[in-house]
Amino acid sequence: MKMKFECHQIHLLALLILLGLDAVLSQAYYGDKMTDHEKGYGVLPSFVELKTKNYTVAIGTTAILQCEPENLGTHVLTWTRAGEKSPISVGLYVFDSNPRLTVGTDPDEKRWNLKIIDAHPQDSGIYECKVFIATLRKQIVYRVQLNVIAASPMPGHSTPPTVVTVQGPQSVDVGSNLELTCNATGRDDAPHDIEWYKDGKEINSNYERDLIIKNYYIERKNMLISKLRIGHAGMRDAGWYTCRTVNGRDGLTHKVRISVLDVTSSNRKRGVQVSSLKGTSVKVSPVSRAVILLLTFTIYVTLR
């Protein structure tokens, strides 16, 4: 007898398998570290209270919801929407069929980000970042609020950055690395995200092309730094690069033009120019000609 499963059932089955694996790994990971008093508990995961738990973004912009677990170990982190049974993501795997949803971590893997692209009003609501502790058969929850509005953010919420700059070379040689750094500093807090565009088209990390984009938060300075690196740059990498902040309002941008120089081609052209000098006549002034004739005549008389 064949059994048919709906898509959400497959997702839930995968979640149960992951959580079951978490129980086994947790026992193996913590088992030899427990005291008699802590037996069955170990070092439990918890969440850091971040500065922002209430996010307000404009319709059509990108919202990035964050949570920062501590002592995660082998436990599995999930994002869900409050009141819904099916998870949005399990670990870094997105189970929701909505293509606007992605999940990632910061480079230091401390903060987990739920990214909602092209935010709609119906995306507003409470989202939950959860960690299930199998040894206790319980879960810890960190909740954040998302508000998607048409108007500008209310006072007290995220405001546009006052400074956006891009640093890097104006030109690179073919085959060398191209590295650009975008620095965005906010008044009240750092912008939600930074996007990169080349010639008007958004670009993202592409490891096959050796194109890597990494963002770094410096919360005490209300600063977000984004670094773009292209290894072994080619002629196709020349063009206009734009750094754009993602915020509650329209983002600010900074644009730079990058040239990629073909050094081999330049040397080849110089070689052609040098070789073209062969066979050309050399102009000699009358005085120089007289000196040459005198020297020639002197040598001739001496040899006789």
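What you are looking at is a predicted structure, and each value in this text was computed from that prediction instead of being measured. When reading the values below, keep in mind they use all heavy atoms of this one structure, side chains included, and skip hydrogens, waters and symmetry mates.
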For Thr253 and Thr242 the tightest heavy-atom approach is CB-CG2, 3.9 Å

Ile258 and Leu180: CA distance, side-chain angles, deciding distance, side-chain contact (heavy atoms from CB on, under 4.5 Å) verdict: CA-CA 10 Å; Ile258 303 299; Leu180 298 175; 4.0 Å; yes

Are the side chains of Ile88 and Phe95 in touch, meaning some heavy atoms are under 4.5 Å apart? no

In terms of heavy-atom contacts, Phe132 and His75 come closest through O-ND1, 3.5 Å

Leu224, Ile218: one ILVMFWY side-chain cluster at the under-4.5 Å cut-off? no

What heavy-atom pair brings Arg257 and Trp240 nearest, and what distance separates the two atoms? NH1-NE1, 3.0 Å

Which of Asn183, Val166, Leu228 passes side chain to side chain contact (heavy atoms under 4.5 Å, CB included) with Cys243? It is Val166

Using 4.0 Å as the upper bound for N to carboxylate O, is an ion pair formed by Glu68 and Lys110? no

Please say yes or no: joined through hydrophobic side-chain contacts below 4.5 Å, possibly via intermediate residues, are Trp196 and Val172 part of one cluster? yes

Show, in sequence, the C-alpha distance, side-chain angles and deciding distance for Leu50 and Gln66, and conclude whether the side-chain contact (heavy atoms from CB on, under 4.5 Å) test is met. CA-CA 8 Å; Leu50 300 180; Gln66 296 185 317; 4.0 Å; yes

hydrophobic_cluster_shared for Val174 and Leu178, side chain cutoff 4.5 Å: yes

Pairwise distance CG(Asn204) to CG(Leu211) - rounded to 0.5 angstrom: 8.5 Å

Do Glu70 and Val48 come close enough that some side-chain heavy atom pair is under 4.5 Å? yes

Any side-chain heavy-atom pair of Asp199 and Tyr241 under 4.5 Å: no

Look at the side chain of Asn206 and the backbone N and O of Arg209, then say whether any donor-acceptor pair between them is shorter than 3.5 Å. yes

Interatomic spacing from OH in Tyr127 to OG1 in Thr80 - rounded to 0.5 Å: 10.5 Å

Distance from Glu195 atom CD to Ile213 atom CD1, nearest 0.5 Å? 10.0 Å

Would you say Lys214 and Ile225 make side-chain contact, with heavy atoms under 4.5 Å? no

Search all heavy atoms of Ala238 against all heavy atoms of Lys198 and return the closest pair with its distance. O-NZ, 3.2 Å

N/O donor-acceptor pair under 3.5 Å between His232 side chain and Ile230 backbone: no

Is the count of non-hydrogen atoms from other residues, nucleotides or ligands lying under 6.0 Å from Gln170 atom CD greater than 12? no

Hey, is Glu49 close enough to Lys53 for a salt bridge, meaning N to O under 4.0 Å? yes

N-O pairing of Asp96 and Arg81 below 4.0 Å: no

Less than 4.5 Å apart, any side-chain heavy atom of Cys67 and any of Trp79? yes

Are a donor atom and an acceptor atom from the side chains of Asn215 and Ser226 found within less than 3.5 Å of each other? yes

Pick out which of Thr62, Asn147, Leu146 makes a side chain to side chain contact (heavy atoms under 4.5 Å, CB included) with Val57. Leu146

Does Tyr217 have Arg111 sitting over its ring (NZ/CZ under 6.0 Å from centre, angle to axis within 45°)? yes

Do Gln139 and Ile133 come close enough that some side-chain heavy atom pair is under 4.5 Å? no

Pair Leu72-Val131, side-chain contact (heavy atoms from CB on, under 4.5 Å): steps then yes or no: CA-CA 8 Å; Leu72 186 59; Val131 175; 3.8 Å; yes

Do Val256 and Ile203 land in one hydrophobic cluster if side-chain heavy atoms of ILVMFWY residues count as linked below 4.5 Å? yes

Atom OG of Ser171 and atom CG of Leu261: how far apart are they, to the nearest 0.5 Å? 4.5 Å

Shortest non-hydrogen contact between Ala119 and Ala58, atoms and distance: CB-O, 4.5 Å

Working to the nearest 0.5 angstrom, can you tell me the gap between Gln167 CD and Glu179 CD? 12.5 Å

Would you say the side-chain atoms of Asn113 pair up with the backbone N or O of Ile64, donor to acceptor, closer than 3.5 Å? no

Is Asp210 salt-bridged to Arg229, cutoff N-O under 4.0 Å? yes

Do you reckon Leu101 sits in the same ILVMFWY cluster as Tyr142, going by side-chain contacts under 4.5 Å, direct or chained? yes

Here the gap from Lys130 atom NZ to Glu128 atom CD, rounded to the nearest 0.5 Å, amounts to 4.5 Å

Kindly say whether Trp112 contributes a backbone atom to a donor-acceptor pair with the side chain of Thr105 at under 3.5 angstrom? no

Would you check, one step at a time, whether the test side-chain contact (heavy atoms from CB on, under 4.5 Å) holds for Leu65 with Tyr55? CA-CA 7 Å; Leu65 313 181; Tyr55 299 85; 3.6 Å; yes

Is it the case that Gln145 and Asn54 place a side-chain donor and acceptor less than 3.5 Å from each other? no

Carboxylate-amine/guanidinium proximity below 4.0 Å for Asp193 and Arg244: no

Shortest non-hydrogen pair, Ile59 vs Pro121, comes out as CD1-CG, 3.7 Å

